[in-house]
Each structure stands twice: as C-alpha cells, then as structure tokens.
A.B. asks: 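There's a structure below that I have some questions on.
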Amino acid sequence: MATARGPAYLLTLGRWRRGLGIALAALVPGVSQVDNKSDFLGRGPIAGTPVLVDAAQLLLLESSMPNMEKQVQALTNYLWSRHLPVEPEELQRRAVHLEKKFLWKNADSCQMEKLCGEVLHALRRTTYHWQELSYNEGLSLVYMAARLDGGFAAVSRIQARLPDFQPQTLMDFGSGTGSVTWAAHSTWGQSLQEYMCVDSSAAMLELAEKLLKGGSGSGMPYVPGVFFRQFLPVSPKVQFDVVVSAFSLSELPSKANHTDVVQTLWRKTGHFLILVENGTKAGHSLLMDARDLVLNGKEKSPLDPRPGFVFAPCPHELPCPQLTASKPLACSFSQAYHPIPFSWNKKPKEEKFSMVILARGSPEEANRWPRITQPVLKRPRHVHCHLCCPDGHMQHAVITARRHGRDLYRCARVSSWGDRLPVITPSELPPSPAQDPPES
Ligand SMILES: C[S@@+](CC[C@H](N)C(=O)[O-])C[C@H]1O[C@@H](n2cnc3c(N)ncnc32)[C@H](O)[C@@H]1O
Ligand SMILES: *[C@@H]1O[C@H](CO)[C@@H](O)[C@H](O)[C@H]1NC(C)=O
Ligand SMILES: *[C@@H]1O[C@H](CO)[C@@H](O)[C@H](O)[C@H]1NC(C)=O
Ligand SMILES: *[C@@H]1O[C@H](CO)[C@@H](O)[C@H](O)[C@H]1NC(C)=O
C-alpha cells in the first residue's frame with residue numbers, strides 16, 4: 001500500500017506528465033459534482049424485489065431436496081473456481097511440449113508407445129477439465145438458491161447506470177432464473193414492454209416462469225410481456241433496445257461458441273449490449289475478448305451499419321491495461337446486497353462482478369473520463385484513486401486540494417469504485433508503462 005510509505009510518496013495525477021511539461025489534469029468545466037449515477041440506488045446494499053424473494057423462498061420450501069445448504073455451498077465454490085475451457089490448440093501445444101520433455105528424458109530407450117501413454121497421463125493429470133453444467137430441475141433450484149440474489153444485485157447496479165435510458169424491448173441470453181428480467185423491471189419497468197428470455201435449459205425456463213408467478217404454477221406473472229425461448233433467434237431483422245447476458249458466456253463450451261454468440265447478440269442489439277461475468281480473471285478476459293470482437297467487428301450487422309463503442313467501464317478502446325500488466329488483474333466491481341433470507345444466509349454479502357457495456361453510435365466526452373477501478377482510499381487531506389485512463393494506462397493518483405484544486409479534490413472524495421472521475425486528461429500522452437505506479 002502506498003499509504004504505508006507516507007506522504008513523501010504522494011503521486012499526483014500529473015507525476016509523469018509534469019515531467020513532460022504537460023498540465024495537470026483539470027476538472028471538466030461545468031462539472032462540479034462527480035458522476036454520481038451509481039448512487040441511483042443509494043450506496044447501501046441492494047435487496048431483491050419482495051415478490052421475487054417470497055417466490056424463491058416458497059419454491060425452496062416446497063422442494064424436497066435434501067441438504068440444500070451443502071449443495072448451495074458446493075455449487076458456489078465450483079462456479080468461483082471455474083476456469084475457461086481449454087481450447088484444442090492449447091491442448092495440442094501442451095502435448096507437444098510434454099512429448100519433448102519425455103523424449104529428452106527417455107532419449108536412450110525411445111519406446112514410442114510408452115511415451116504416448118506418459119504424455120496422455122500427464123495431460124490428464126495437469127489439464128483443467130471444463131464441464132458443461134446441465135441445468136436440470138434440481139440444479140436449477142440449487143442455482144436459484146445460490147445465485148439469484150447476487151446476480152440480481154450485480155445486474156441492478158449496472159442497469160442503474162443508465163437511468164435515463166427508456167428501452168422498450170430487452171433480450172436476455174442465458175436467462176436462467178430470470179434475475180435480469182426482475183432487475184430490468186425495477187429499473188426500466190415504466191418503458192419496457194417485451195422481455196425475451198432465452199435459455200437452452202427447459203427446467204430453468206420453467207423455474208423462471210414459476211418465480212414470475214410468485215412461486216406457483218398458475219396465476220398472472222408479476223412482470224407482463226415476458227416471453228421464453230429455448231433457442232437464440234438469429235435473424236438480424238428484429239433488434240432489441242437492450243441485450244443482456246449475465247454469467248452465461250462462461251457456460252459455453254468453446255471460444256468458437258463465445259464468438260458465435262457475441263456476434264449474434266451484437267446483431268440483435270439496438271442500443272446497448274450488457275455483458276456480465278464473475279469478477280475473476282477468467283470472467284474479465286472473456287468480456288475483453290467480446291469487447292474486441294464487437295469493436296473490430298468487420299462482422300457488420302447486415303441491417304445495422306452503426307459501429308460499436310465501449311460505453312463502460314473502459315474509457316478507451318485500447319488493450320486492457322489490467323490484463324496486459326506483468327501481474328494481470330481482473331477489472332471488477334462490487335455490489336453489496338441483502339441475500340434472500342434462506343436459513344444459511346445471514347449477513348449482507350458482496351457480489352464481485354466484471355462487466356462491459358457496448359453501445360451503438362459514437363462515444364460522448366463523458367465516456368472518456370477515467371474510471372475508478374478500485375475502492376477509493378480517503379485519507380487526511382488526500383485521496384487515493386486507481387484510474388483506468390483514456391490513454392489506455394492505469395494510474396494511481398493521489399489527489400490533494402493543494403495540488404489539484406478544491407473542486408477536483410472534493411469530487412474525488414465523494415467518488416466510489418466504479419465511478420468516472422470527470423477530469424480532462426491530455427489525449428496524446430505517450431505510452432510509458434515504465435512509469436506505471438508500482439502497485440497498479
Ligand atoms: C449461470 S446461468 C445464468 C443465469 C442468469 N443469467 C443469472 O444471472 O442468474 C447460465 C444459463 O445459461 C444457460 N445456457 C447455457 N448454454 C446456453 C446456450 N447455448 N443457449 C442458451 N442458454 C444457455 C444455462 O441453461 C443457464 O441457465
Ligand atoms: C448527483 O449530483 C447532482 C449534482 O450535484 C445532484 O443534483 C443529484 O441529486 C445527485 N444525484 C444523486 C443520486 O445523488
Ligand atoms: C458450439 O459450437 C459447436 C461448433 O460450432 C456447435 O456444434 C455447438 O452446437 C455449439 N454449442 C453451443 C452450446 O452453442
Ligand atoms: C462464474 O460464475 C458463473 C455462475 O455464477 C459460472 O457459471 C461461471 O462458469 C463462472 N465463470 C467464470 C469465468 O468463473
């Protein structure tokens with residue numbers, strides 16, 4: 001921690017810029033307050049819609065599944081420790097590497113058969129085996145108990161960043177228990193008329209429908225205009241104002257499947273494509289690949305030539321500095337939430353997620369303000385902010401009133417992890433990874 005080194009180590013927003021004779025970052029004129037849209041829901045924990053919470057509790061009570069708490073724990077651990085599937089080329093590369101190693105070891109007695117056996121054995125031992133989860137009735141229920149509330153919290157937080165957006169249609173890929181629909185209804189319920197839930201698991205669709213009906217098989221759904229499909233409609237003719245995929249890309253078996261689905265989802269996007277994954281390196285790098293796919297998209301939608309840009313979180317379209325760092329990190333955010341009060345859920349929890357919002361059209365100036373990527377440390381008379389800057393670099397800024405002016409200092413003090421800091425940074429800064437602060 002830089003704080004441990006004391007004020008002598010104070011970096012400023014302009015530490016290396018000053019050296020280059022470039023002015024210190026200044027607050028955007030006319031912006032006296034921080035981008036506080038994340039405050040839309042208040043900074044406190046998010047709680048699920050009461051109807052949803054009651055429905056989930058009812059469904060669990062009615063189910064006769066044994067050891068629910070243990071199963072929930074097991075699934076949670078499994079999902080968090082999950083990596084991405086190993087691609088065939090990577091397997092091939094590893095096999096060649098191992099073959100060489102064994103060849104060298106067995107140089108004298110080169111018994112081919114034994115060699116192959118050893119390579120295979122070693123590969124099996126050392127390679128991570130990704131397995132597709134099949135969401136049958138039982139696993140769907142466990143998933144609901146384990147993840148419904150956290151997923152709802154993350155998606156609510158992201159959707160709340162677009163409070164002025166008035167979508168009429170939404171598509172949710174890999175809709176699972178339907179947390180995206182519930183969150184969208186609470187944010188954009190006034191304008192939304194159609195929610196298209198796509199999930200390959202019939203059991204999940206059934207569970208989502210039951211939840212919408214308050215936990216029973218009959219009655220009116222709480223949210224009107226929800227449709228369920230087992231297959232992704234591929235025709236580019238019909239677009240949805242907003243397309244969401246939450247925690248579902250990572251469920252696909254290969255990179256080719258990711259590419260396929262992301263391209264289809266983008267073709268179906270009228271305004272915003274919101275992708276959410278776990279706040280792990282695997283989750284974040286999956287999202288960065290999806291971002292690059294859309295941005296480099298030679299693959300133009302035949303019916304929609306409008307280009308895409310990153311709306312959030314990146315203030316640039318360059319490679320992610322967190323992933324290209326010598327010690328790659330996930331770019332993640334966190335949302336506190338009140339879990340559904342099942343017997344094992346007591347305290348408020350934190351949902352750590354990664355996300356990217358892609359949009360059609362051209363970015364506004366505000367989309368290029370630095371993004372705060374870690375908790376803001378408020379200290380006496382100075383504030384530490386870790387920023388992802390529009391020049392594609394990370395910066396650890398220590399902001400003081402004396403160096404940066406009262407406005408910027410105040411602004412930084414009331415900012416939070418995930419907010420943008422409305423500062424003008426010179427756009428033509430040279431890349432200078434050597435000058436990155438040590439811990440970012
Ligand atoms: C981890 S769940 C996420 C559920 C939900 N989005 C949420 O946030 O709670 C992933 C869902 O993706 C679905 N899924 C997996 N592969 C799919 C595919 N090829 N097409 C549609 N849905 C798929 C699974 O059935 C599962 O319900
Ligand atoms: C955000 O800041 C503006 C300007 O200071 C203020 O008017 C508005 O109420 C704030 N919004 C929230 C949600 O705090
Ligand atoms: C993944 O891609 C393969 C090959 O293109 C395809 O056969 C398979 O159906 C896809 N699976 C999913 C779940 O999309
Ligand atoms: C993240 O968690 C989801 C469900 O919460 C799981 O399906 C997925 O495999 C995990 N993905 C990664 C990349 O860890």
Side-chain angles (χ1 to χ4, degrees), residues 46 48-49 52-53 55-56 59 72 75-82 84-85 87-88 130-159 170-185 195-212 226-234 242-265 268 273-280 282-283 286-287 335 337 339-340 351-355:
I46 290 178
T49 313
L52 175 63
V53 170
L59 281 172
V72 163
L75 180 68
T76 309
N77 291 345
Y78 175 74
L79 290 174
W80 268 96
S81 61
R82 218 169 175 206
L84 295 177
E87 293 293 311
W130 186 87
Q131 277 188 322
E132 195 163 356
L133 283 177
S134 143
Y135 288 97
N136 56 22
E137 199 183 330
L139 189 57
S140 297
L141 210 59
V142 178
Y143 186 85
M144 176 194 83
R147 297 278 313 133
L148 175 61
D149 40 16
F152 177 90
V155 174
S156 298
R157 159 80 179 273
I158 296 164
Q159 293 178 345
L170 171 143
M171 182 170 80
D172 178 14
F173 172 77
S175 52
T177 53
S179 55
V180 169
T181 288
W182 285 87
H185 180 260
Y195 307 73
M196 171 73 72
C197 293
V198 180
D199 202 295
S200 53
S201 154
M204 273 292 202
L205 292 177
E206 202 173 306
L207 179 60
E209 192 167 8
K210 266 195 197 158
L211 282 168
L212 279 171
V226 184
F227 302 90
F228 299 98
R229 294 271 181 286
Q230 241 178 315
F231 299 97
L232 191 57
V234 286
V242 55
V243 174
V244 185
S245 163
F247 309 99
S248 299
L249 288 178
S250 50
E251 297 270 328
L252 301 172
S254 75
K255 201 163 176 160
N257 292 117
H258 297 152
T259 305
D260 224 36
V261 167
V262 169
Q263 285 178 336
T264 305
L265 295 184
K268 308 291 294 170
L273 172 59
I274 301 177
L275 304 175
V276 192
E277 288 293 335
N278 296 340
T280 56
L286 185 57
L287 295 181
Q335 178 60 52
Y337 67 97
I340 299 178
E351 173 78 4
K352 206 168 152 214
F353 60 92
S354 289
M355 59 102 165

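Every number for a ligand or one of its atoms is a count from 1 in the order of the listing. These values consider heavy atoms only, across backbone and side chains, with no hydrogens, waters or symmetry-generated copies.
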A.B. asks: Do the non-hydrogen side-chain atoms of Phe173 and Val261 ever get within less than 4.5 Å of each other?
C.D. replies: yes
A.B. asks: Between Thr264 (side chain) and Val262 (backbone), is there a donor-acceptor pair under 3.5 Å?
C.D. replies: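 Answer holds: no.
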A.B. asks: Any heavy atom of Phe152 sitting closer than 4.0 Å to ligand 1?
C.D. replies: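 Heavy atoms of Phe152 never come under 4.0 Å of ligand 1.
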A.B. asks: Go through ligand 1 atom by atom and flag the ones less than 4.0 Å from a non-hydrogen atom of Ser248.
C.D. replies: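 Reading through ligand 1 atom by atom, the close ones are 3 (C), 6 (N), 10 (C), 11 (C), 12 (O).
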A.B. asks: Given 3.5 Å as the limit, does a donor-acceptor pair link the side chain of Thr49 with the main chain of Leu52, or not?
C.D. replies: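 Side chain of Thr49 to backbone of Leu52: no pair is present.
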A.B. asks: Taking only heavy atoms of Ser179 into account, list the atoms of ligand 1 that are under 4.0 Å away from them.
C.D. replies: 7 (C), 8 (O), 9 (O)
A.B. asks: Look at ligand 1 and say whether Gly151 reaches it with a heavy atom at a distance under 4.0 Å.
C.D. replies: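 Distance cut 4.0 Å: Gly151 fails for ligand 1.
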A.B. asks: Answer yes or no for Val180: is there a heavy-atom contact with ligand 1 below 4.0 Å?
C.D. replies: no
A.B. asks: Any idea which part of Leu252 is under 4.0 Å from ligand 1, heavy-atom wise: side chain, backbone, both or neither?
C.D. replies: side chain
A.B. asks: Kindly say whether Leu148 contributes a backbone atom to a donor-acceptor pair with the side chain of Thr177 at under 3.5 angstrom?
C.D. replies: no
A.B. asks: Hey, which atoms in ligand 1 end up nearer than 4.0 Å to a heavy atom of Ser201?
C.D. replies: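 Those atoms are 25 (O).
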A.B. asks: Check whether any N or O atom of Glu251, backbone or side chain, sits under 3.5 Å from an N or O atom of ligand 1, and answer yes or no.
C.D. replies: no
A.B. asks: Under 3.5 Å between any N/O of Asp199 and any N/O of ligand 1: does that happen in this structure?
C.D. replies: yes
A.B. asks: With a 4.0 Å heavy-atom cut-off (strictly under), which part of Ser140 contacts ligand 1: side chain, backbone, both or neither?
C.D. replies: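 For Ser140, no heavy atom sits under 4.0 Å from ligand 1.
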A.B. asks: What atoms in ligand 1 come closer than 4.0 Å to a heavy atom of Thr177?
C.D. replies: 9 (O)
A.B. asks: Can you give me the closest heavy-atom contact between Met204 and Ser140, atom names plus distance?
C.D. replies: CG-OG, 3.5 Å
A.B. asks: Could you walk me through whether Phe228 and Leu212 satisfy the side chain to side chain contact (heavy atoms under 4.5 Å, CB included) test, starting with their C-alpha distance in whole Å, then the side-chain angles of each, then the deciding distance to 0.1 Å, before giving a yes or no?
C.D. replies: CA-CA 12 Å; Phe228 299 98; Leu212 279 171; 3.8 Å; yes
A.B. asks: Please confirm whether Phe231 approaches ligand 1 to less than 4.0 Å, judged on its heavy atoms.
C.D. replies: no
A.B. asks: Does any N or O in the side chain of Ser175 come within less than 3.5 Å of the main-chain N or O of Gly178, such that one atom is a donor and the other an acceptor?
C.D. replies: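 Side chain of Ser175 to backbone of Gly178: no pair is present.
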A.B. asks: State the atoms of ligand 1, each with its element, that fall below the 4.0 Å cut-off from a heavy-atom position in Gly176.
C.D. replies: 4 (C), 27 (O)
A.B. asks: With a cut-off of 4.0 Å, which atoms of ligand 1 are near a heavy atom of Phe173?
C.D. replies: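 Contacts of ligand 1 toward Phe173, numbered from 1: 18 (C), 20 (N), 21 (C).
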A.B. asks: Measuring from the heavy atoms of Met204, does anything fall under 4.0 Å of ligand 1?
C.D. replies: yes
A.B. asks: With a 3.5 Å distance limit and no angle check, can you tell me whether His258 reaches the backbone of Leu286 through a side-chain donor-acceptor pair?
C.D. replies: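 Looks like no, no N/O pair under 3.5 Å.
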A.B. asks: Okay, side chain of Asn278, backbone of Phe353: is any donor-acceptor separation there less than 3.5 Å?
C.D. replies: no
A.B. asks: With atoms numbered from 1 as shown, which atoms in ligand 1 lie under 4.0 angstrom from a non-hydrogen atom of Tyr135?
C.D. replies: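 Listed by number with element: 1 (C), 24 (C), 25 (O), 26 (C).
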A.B. asks: I'd like the contact residues of ligand 3, where contact means a heavy atom below 4.0 Å.
C.D. replies: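 Contacts of ligand 3 under 4.0 Å: Pro253, Asn257.
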A.B. asks: Please classify the Phe247 to ligand 1 contact at 4.0 Å (heavy-atom distances, strictly less than): side chain, backbone, both or neither.
C.D. replies: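 Within the 4.0 Å criterion, Phe247 contacts ligand 1 through backbone and side-chain atoms alike.
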A.B. asks: Report yes if the distance between the aromatic ring centroids of Tyr195 and Phe227 is under 6.0 Å, otherwise no.
C.D. replies: no
A.B. asks: Checking the N or O distance criterion of under 3.5 Å, is ligand 1 in contact with Ser200?
C.D. replies: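 Yes.
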A.B. asks: Which of these, Val276, Val244, Val242, sits in a side-chain contact (heavy atoms from CB on, under 4.5 Å) with Val180?
C.D. replies: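 Among the candidates, only Val244 passes.
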A.B. asks: Pair Trp182, Val155 - check side chain to side chain contact (heavy atoms under 4.5 Å, CB included), show working.
C.D. replies: CA-CA 9 Å; Trp182 285 87; Val155 174; over 6 Å; no
A.B. asks: Kindly compute the distance separating CD (Glu351) from CG (Asp149), expressed to the nearest 0.5 Å.
C.D. replies: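 CG of Asp149 is found 8.5 Å from CD of Glu351.
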A.B. asks: Could you check whether any side-chain N or O of Gln159 sits under 3.5 Å from a backbone N or O of Ala184, counting only pairs where one atom can act as donor and the other as acceptor?
C.D. replies: yes
